[in-house]
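Below you'll find the structure, written out as structure tokens, and then a few comments.
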Amino acid sequence: DAGVTQSPTHLIKTRGQHVTLRCSPISGHKSVSWYQQVLGQGPQFIFQYYEKEERGRGNFPDRFSARQFPNYSSELNVNALLLGDSALYLCASSLGTLGENGYTFGSGTRLTVV
Amino acid sequence: RKEVEQDPGPFNVPEGATVAFNCTYSNSASQSFFWYRQDCRKEPKLLMSVYSSGNEDGRFTAQLNRASQYISLLIRDSKLSDSATYLCVVNEPGGYNKLIFGAGTRLAVHP
């Protein structure tokens, strides 16, 4: 069975540009969450989506947005990129919203903003 | 105060050693606790959940002390392949699942 898949794996963008990152959850998982991990830190929560609705939002500016599609895949969009947005963006899926059994992460998208 | 705090290490230990990592969390209402392992430039992978009664998985033992808001991970008989960053993770209580990660503890096992 395929795990959580993310695309692209690597991306280089210029300051001010826009980026869209994509995630497909494990088959049967309805919840997708997005995390940002900057070098030397643990991942930080950005969004959680369940059944196409936003269920939670972390402390990120409005430049960050996301959505979930009927097939439970998800997109993370970041506008007006800043150098500080350079990070590993991780997508995680779980069956339900509470994730009592932890999350399975995709291999991430490494974004570099220059 | 950080929500989840860990000693960043690195812990440099020889093969066969026993090593323990500790973690504290700030939200006493937290209900779920995990240890994740992250290899260099890879995604975090769930190592084990942590239960109040303590739990063991092979060479790995996790303990939770709710009164002290303290979580630990013990690795016995360290292998070279255990070299990684170990992330302490707490599930923030609420109507949705928000994992709060510590910054991680680096472990380097040498021959």
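Chain naming here is simple, since letters A, B, ... match the order of the sequence lines and numbering starts at 1 in each.
Hydrophobic clustering keeps B/Phe34 apart from B/Val50 (ILVMFWY residues linked when any side-chain heavy atoms are closer than 4.5 Å, directly or through intermediates). The cluster map of Ile, Leu, Val, Met, Phe, Trp and Tyr, joined by side-chain heavy atoms under 4.5 Å apart, puts A/Ile26 and B/Leu46 in different clusters. One hydrophobic cluster holds both B/Met48 and B/Val90 under the rule that ILVMFWY side chains link at heavy-atom gaps under 4.5 Å. Hydrophobic clustering (ILVMFWY, side-chain heavy atoms < 4.5 Å, transitive): B/Val13 and B/Leu47 are in one cluster. Following chains of ILVMFWY side-chain contacts shorter than 4.5 Å, one can reach B/Leu73 starting from B/Val19, so the two form part of one hydrophobic cluster.
More than 12 heavy atoms of other residues, nucleotides or ligands sit less than 6.0 Å from atom CG of A/Asn71. By the 6.0 Å contact criterion, CZ on A/Arg15 is open, its count of non-hydrogen atoms from other residues, nucleotides or ligands being 12 or less.
Heavy-atom neighbours of chain B within the stretch residues 81-88 of chain A, taken at a separation under 4.5 angstrom, comprise A/Leu88. Residues of residues 102-111 of chain B lying within less than 4.5 angstrom of chain A, judged on heavy atoms, are B/Gly102, B/Ala103 in numerical order.
The distance from atom CD of A/Gln44 to atom NZ of B/Lys98, rounded to the nearest 0.5 Å, is 8.5 Å. Here B/Lys42 contributes atom NZ and A/Leu90 contributes atom CG; the two are 12.5 Å apart, rounded to the nearest 0.5 Å.
Residues B/Leu87 and A/Gly42 come closest through the heavy atom pair CD2-CA, 4.4 Å.
At a 4.5 Å heavy-atom cutoff, the contact between A/Gln37 and chain B is made by side-chain atoms alone. At a 4.5 Å heavy-atom cutoff, the contact between B/Gln38 and chain A is made by side-chain atoms alone.
Within the 6.0 Å centre-distance limit, the rings of B/Phe101 and A/Tyr35 are counted as a close aromatic pair. The distance between the ring centers of B/Tyr36 and A/Phe105 falls below 6.0 angstrom.
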Checklist entry - Do A/Phe45 and B/Ile100 pass the side-chain contact (heavy atoms from CB on, under 4.5 Å) test, and can you show the C-alpha distance, the side-chain angles, and the key distance before you say yes or no? => result CA-CA 7 Å; A/Phe45 174 78; B/Ile100 309 296; 5.8 Å; no

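In summary, the side chains of B/Glu43 and A/Gln6 do not present any donor paired with an acceptor at a separation below 3.5 Å, with no hydrogens or angles considered.
No other option in A/Ser107, A/Pro43, A/Gly56 has as many heavy-atom pairs under 4.5 Å with chain B as A/Pro43. In terms of heavy-atom pairs under 4.5 Å with chain B, the best-connected choice from A/Gly58, A/Ser33, A/Gly106 is A/Gly106.
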